[in-house]
Structure formats: C-alpha cells, structure tokens
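All remarks here apply to the structure that follows.
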2 protein chains.
Amino acid sequence: MSIKFAILVALSENPKSGYDVAKHFDQSVGFFWHARHSQVYRELGKLRDNGLAVSEEIEQSGKPNRIVFTITDSGREALLKWSREPTEPMEIKDDFLVQLYGIENIDIQGLRANLTLRLESHGDRHAQYAAKHQALENGGTLADLGHQLALEVGMRWEREWEDWCTIALERLSAKAISKLANVVPIGSKTRGNAA
Amino acid sequence: MSIKFAILVALSENPKSGYDVAKHFDQSVGFFWHARHSQVYRELGKLRDNGLAVSEEIEQSGKPNRIVFTITDSGREALLKWSREPTEPMEIKDDFLVQLYGIENIDIQGLRANLTLRLESHGDRHAQYAAKHQALENGGTLADLGHQLALEVGMRWEREWEDWCTIALERLSAKAISKLANVVPIGSKTRGNAA
DNA sequence: GCGTTCATGTAACCTGTTACATGATTCT
DNA sequence: AGAATCATGTAACAGGTTACATGAACGC
C-alpha cells in the first residue's frame with residue numbers, strides 16, 4: 001500500500017530518475033521505508049501508468065540517458081488524500097526476538113554473539129541518524145521540522161536497543177543464568193516424536 | 001526467511017494445530033512475528049515436507065478434526081543452527097514517518113489526527129505488553145527470562161512512541177508552526193509539469 | 001587490467017494479505 | 001435467529017528480494 005507514497009514523497013521534493021530515487025532511499029525517506037532499485041523501477045512505471053507522475057528522457061553524453069520522473073498535480077492530490085487517512089502503527093517483526101522467545105530451544109552462546117553484534121550496529125545507526133539530525137539544527141523550515149521529528153523516532157529506537165542489548169547481555173550472562181531455577185540444559189528436554 | 005522459525009519456536013513449546021499456531025500468534029511470539037492463518041497452514045505444509053515437523057490427525061466429535069504438528073529432531077536442529085547465525089536488525093518501516101518526511105506536501109491537520117490516534121494505540125499496546133510482562137514477574141525459568149526480555153523491547157518501543165507523539169503534537173501545533181521561518185502554505189509551491 | 005559509479009531494466013521467486021469456501025456447535 | 005468459536009484449507013493478488021543482463025567512463 002505504501003512504497004508508492006514513499007516514492008511520491010521523494011518526487012515531491014524534486015524530479016528524480018529511478019537511480020536517484022534508489023540512492024535517496026539509502027539516505028533519507030528510505031530510513032523509514034526502504035526499497036531496492038528493481039522495485040523502484042517497477043513502481044515508477046505504475047505511477048506513470050496511473051498519471052501520478054510523468055517521465056522525460058534526458059540525453060547525456062558519456063553516461064547512459066536518464067529518465068526523469070516528475071510528480072503531477074494528481075500525484076500531489078493522492079499524497080494529500082493519503083495523509084488524511086489513518087495509518088496503521090508499525091508492527092515489531094524481529095528474528096532476534098523470536099529467538100529470545102524460544103530461548104529454551106536455541107543456542108544461548110549464539111544469542112549472546114548476536115546481542116554483541118546488535119549493540120554495535122544499533123550504535124552505528126544511532127550515530128547516522130544523529131548526524132543527519134544535527135545537520136538540521138539551524139534550519140527553521142517546515143520540511144526541516146518534519147525531517148527532524150522523523151529522525152528523532154529513529155534515534156529513540158536505536159538508543160533503546162542499545163540500552164536493552166547491554167541489559168540483556170547481563171541478564172543472559174552465564175553467571176546470571178546459572179542462578180535461575182529449573183535450568184534445563186540444551187538437549188535434555190523430552191522430544192515429541194509422534195508419527 | 002523466518003516465519004518458518006517463528007512457527008518452529010511455537011511448536012518447540014508443545015505440539016500445535018494450525019489453528020493453535022494462528023491463535024498463539026495473536027498472543028505471544030506473534031507480538032514479534034505475526035502471520036495470518038492462511039500463511040500458517042501453507043508454512044506448516046512446508047515444514048512437514050522438509051521433515052522439520054510431523055503431523056497427525058486427531059478425531060474429535062462435534063468439532064472438525066484437528067491436525068496436530070509436532071517438531072522433529074531435525075526441526076530442533078534447524079532452530080539451533082539458525083540461532084547461531086547473525087540476524088539482521090529490523091528496519092523501521094512506517095507510513096507515518098514517510099508522511100512526516102514529506103510534510104510540505106501533506107495535510108498537517110491529518111497528520112495531527114494521526115498522531116492523536118497513535119498516542120492512543122501505542123498506549124494500549126504498552127498496557128498489553130506490560131500485563132504479559134507482569135504475569136512473568138515471579139517465574140524464574142529460562143523461558144520466563146526470554147519472554148520477559150522480549151516483552152521489554154516491546155514496552156520500550158511503545159513507551160518511546162507515546163513520548164514522541166506527545167512531543168510531536170506540540171511541535172506540530174498551529175501555534176508552533178506559525179512561528180517557523182519560510183512557512184509555505186499547501187498548494188502554493190511551484191509544480192513541475194514536464195511532459 | 002580491475003573495481004566502482006552511473007544507469008537502465010527484466011524474470012523468477014518468496015512472503016504476506018484478502019477473499020472465498022465449508023460446516024457444526026455454543027452462546028445470547 | 002444471529003453471531004461467535006472451532007477448524008480446515010485454497011486462490012488470487014500485492015509487495016519485496018535475488019539474480020540476471022548490459023555497457024560506458026573513471027580512477028587506481
């Protein structure tokens with residue numbers, strides 16, 4: 001329902017080629033709705049078919065030609081209409097939490113290794129969002145405000161993960177686990193083998 | 001890559017029918033990886049085909065028969081193997097943040113309405129996670145610890161959204177916006193109309 | 001000579017959603 | 001009488017990923 005609008009938002013800033021949109025998705029709106037170039041080209045075609053964008057080919061010497069897409073009035077209207085409808089809050093969907101949930105049947109050492117990796121990568125992303133955020137500090141436009149607020153969600157998210165990973169590493173340390181009641185070593189559980 | 005494992009985790013607790021798994025997904029593991037019943041039945045079939053689970057039909061009087069799936073040793077091994085590989089941190093993917101990012105071309109009144117709705121629904125979810133979490137307070141098993149930690153991620157997530165929505169509503173109030181530099185009323189922007 | 005960036009797209013596949021289809025029992 | 005719960009599934013579609021395919025220019 002929505003990669004369509006993420007692209008329209010990207011085009012609403014300025015006209016872009018498929019390549020541009022894909023690049024853009026690695027840096028800004030894409031933080032909150034990512035897509036690969038193959039999907040971008042497909043969706044741009046649909047936008048054109050539905051009259052929400054128009055394309056024009058720009059010849060370039062040396063490089064391949066660019067096909068630049070511009071949002072139409074109809075596209076802007078679609079954006080407005082979409083923003084008046086309620087959106088569904090995003091759902092958490094994370095492999096790692098599934099593993100935690102099934103902790104009795106998974107490798108705890110692997111879990112700890114994953115936690116350490118995560119701690120790092122959430123730190124990296126936090127820094128990335130923070131840098132983008134800081135660059136907007138002095139801008140006072142509406143667009144800046146929107147970008148700031150969106151980035152703040154990202155910063156909060158990453159910060160919470162960082163905190164949580166640290167705490168989880170402690171609570172899942174060998175020491176902490178050895179103190180638990182009813183510790184069941186991996187492999188000692190009864191296995192159902194119904195035919 | 002992973003609804004498969006979410007189902008295996010569910011089956012690793014105890015054997016379940018497709019119906020059970022789908023119900024389960026509305027309450028526990030499903031907080032972190034949801035699926036509809038149609039998908040569950042399809043995936044269960046695949047698990048059986050790959051020898052990760054076995055099924056047996058249980059006759060019931062009055063109600064339709066249940067087809068109960070039990071995880072196999074091979075299934076438990078797959079779970080272990082999976083937990084030793086690194087998982088990708090979840091990406092934020094939210095319509096609402098896309099709207100915020102494109103704030104110049106969307107309806108701010110609609111955005112505010114959405115924020116108010118969100119504030120409510122994140123509060124509801126927070127309460128849901130917190131209730132589940134509290135029910136585990138006195139359990140001291142490894143499984144309880146895993147469930148607690150997973151629920152804490154959910155609680156942090158919802159709490160941050162609640163905070164952020166409140167702040168965003170202030171920063172996006174008519175009053176706050178009127179003080180911004182370069183305010184561009186909707187509709188007054190130049191529109192690109194390249195053919 | 002090799003890798004990267006620019007630039008386009010297609011094809012096959014996997015994942016996930018919506019809607020269709022059936023039928024008995026129990027609760028209001 | 002009507003809705004909800006139990007219980008199974010299929011079919012069609014939409015959304016998203018991976019891999020394939022091509023080709024020139026530029027820096028190392």
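Residue numbering restarts at 1 for every chain, and letters A, B, ... go by the order of the sequence lines.
- For the pair B/K16 NZ and D/dA7 P, the computed distance is 14 Å after rounding to whole Å.
- The salt bridge (charged side-chain N to carboxylate O under 4.0 Å, His left out) pairs that include a residue from residues 17-42 of chain B are B/D20-B/R66, where partners are two or more places apart or lie in different chains.
- Put simply, the side chain of A/R112 gets close to the backbone of A/L172: a donor and an acceptor are under 3.5 Å apart.
- In this structure, the NZ atom of B/K23 is 12 Å from the P atom of D/dA4, given to the nearest Å.
- Per the geometry, CD belonging to A/Q39 stands 14 Å off P belonging to C/dT10, to the nearest Å.
- Residues B/S38 and A/I3 each lie close to DNA chain D; by heavy-atom proximity, the contact nearer the 5' end of the strand is made by B/S38.
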Could you pull out every donor-acceptor pair under 3.5 Å between side chains of residues 148-157 of chain A and any protein atom, sequence neighbours left out?
from	atom 1	to	atom 2	distance (Å)
A/Q148	NE2	A/L136	O	3.0
A/E152	OE1	B/R171	NH1	3.2
A/E152	OE2	A/H133	NE2	2.8
A/E152	OE2	B/R171	NH2	2.9
A/R156	NH1	B/E160	OE1	2.7

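- Listed by residue number, B/K93 are the residues of residues 83-97 of chain B with a heavy-atom contact under 4.0 Å to DNA chain D.
- For the pair A/K46 and A/E43, the salt-bridge criterion is met [side-chain N within less than 4.0 Å of a carboxylate O].
- The OH atom of B/Y19 sits 14 Å away from the P atom of D/dG9 (whole-angstrom rounding).
- We find that CZ of A/R42 is positioned 10 Å from C1' of C/dT10, with the value rounded to whole Å.
- In this structure, A/K4 reaches neither bases nor backbone, as no heavy-atom distance under 4.0 Å exists between it and the strands shown.
- Proximity of B/Y41 to the phosphate of D/dT8: a side-chain N or O atom is located under 4.0 Å from OP1 or OP2.
- For the pair B/N50 (side chain) and B/L52 (backbone), a donor-acceptor distance under 3.5 Å is absent.
- Between the side chain of B/S55 and the main chain of B/I67, no donor-acceptor pair closer than 3.5 Å is present.
- Remark: the B/H34 side chain and the A/E91 side chain contain no N/O donor-acceptor pair separated by less than 3.5 Å.
- Rounded to whole Å, the distance from CG on A/N65 to P on D/dA25 is 13 Å.
- The distance from atom CG of A/D20 to atom C1' of C/dT5 is 13 Å, rounded to the nearest whole Å.
- Here C/dC14 presents its P atom at 17 Å from CZ of A/R36, a figure rounded to the nearest Å.
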